[in-house]
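To start, the structure under review is shown below, and the notes come after it.
Just follow the structure's listing: the first ligand is 1, and inside any ligand the first atom is 1. The shown structure was predicted, so the numbers you read here are calculated from the model rather than taken from an experiment.
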Amino acid sequence: MSKRLAGQKALVTGANSGIGRAIAKSLAADGADVVINYISRPEETEKLIEEIKADGGNAIGIKADVSKEDQVQAMFKEAIEKFGTIDILVNNAGLQRDAPFKDQTLDDWNLVINVNLTGQFLCAREAVREFLRRGMRNVSVALGKIVCISSVHDIIPWAGHVNYAASKGGVMLMMKSIAQELAPQKIRVNSISPGAIRTNINYSAMDTPEEEAALLKLIPYKRIGVTEDIGKVAAWLCSDDADYITGATIYVDGGMTLYPEFAHGG
Ligand code: BGC
């Protein structure tokens, strides 16, 4: 396989588990040096670094809470010191704190918005500052690339998950607005919006055969996604093969956003 990201330096947030982990592996397999941002379970970060190195790639871990400005700035400083610059940011870190709306606490609202939306803002701003500071490099025809990991719930309302859907809806227009502002500087900004991907965030939605069957009714393609489905799209979207794509949301969801209940109704 040709290494489409050879010589490039990537930072993936929330990268020591789930979708972030698969993205880090895909970018590394395509030749990028990868910063694995994480907040907990350092042993998982070490394991991932070992796996990437065993496959001939290169990665380092940096701990930071993406919702804290000082920690995000310190992370970028360290990444730039160690790797020289950052060419690719994948804003992946995210979480859910679900509750019926009437019981939604302000603390859970704030936590979800702070990590899922403000965290993406803080990291994107530092990445853009670095792209503009260092100027063009001959590793890509773009000055820099940002991929925001959103969700089908940036467009599908989600009862019982109001904070989460609000954060992802926010990610969508934040992404498009940054893309519009920075396209003239050759910075590409896009979203990947995953559907139901098997990770710890949603294991409770698929831990019995009945729950899995109910979930599959929402997926026309009749398969629950795997993290590699997202990793592969992320590597392509960051590569020059996708150079004319900016401000786009790519739904990687087996058709979940196709209103499957209308296949036999309406
Ligand atoms: C959520 C999952 C959910 C999926 C489809 C994702 O954004 O994090 O918990 O299964 O959307 O509803």
Near K217 NZ, under 6.0 Å, is it more than 12 heavy atoms from other residues, nucleotides or ligands?
no
Are D87 and R134 close enough for a salt bridge, meaning some N to O gap below 4.0 Å?
yes
Is H153 touching ligand 1 with its side chain, its backbone, both, or neither, if touching means heavy atoms under 4.0 Å apart?
side chain
Tell me, please: is M256 in heavy-atom contact with ligand 1, that is, under 4.0 Å?
yes
Name the closest protein heavy atom to atom 10 (O) of ligand 1, giving the residue it belongs to and the distance to 0.1 Å.
N202 ND2, 3.3 Å
A side-chain contact here means heavy atoms from C-beta on lying under 4.5 Å apart; do K82 and I62 qualify?
no
Gap between atom CZ of F131 and atom OG1 of T85 - 0.5 Å precision:
7.5 Å
shortest atom 3 (C) of ligand 1-to-protein heavy-atom contact is with W158 CH2, 3.7 Å
Go through ligand 1 atom by atom and flag the ones less than 4.0 Å from a non-hydrogen atom of G195.
4 (C), 5 (C), 11 (O)
Counting from 1, what ligand 1 atoms have a heavy atom of Q96 closer than 4.0 Å?
1 (C), 2 (C), 8 (O), 9 (O)
So, is S150 polar-close to ligand 1, with some N/O to N/O distance under 3.5 Å?
no
List ligand 1 atoms under 4.0 Å from S151, heavy atoms only on the residue side.
6 (C), 7 (O), 11 (O)
Distance, nearest 0.5 Å, that separates NZ of K145 from CD of Q8
3.5 Å
Say you draw a straight line from CD of E69 to CZ of F121; how long is it, rounded to the nearest 0.5 Å?
7.0 Å
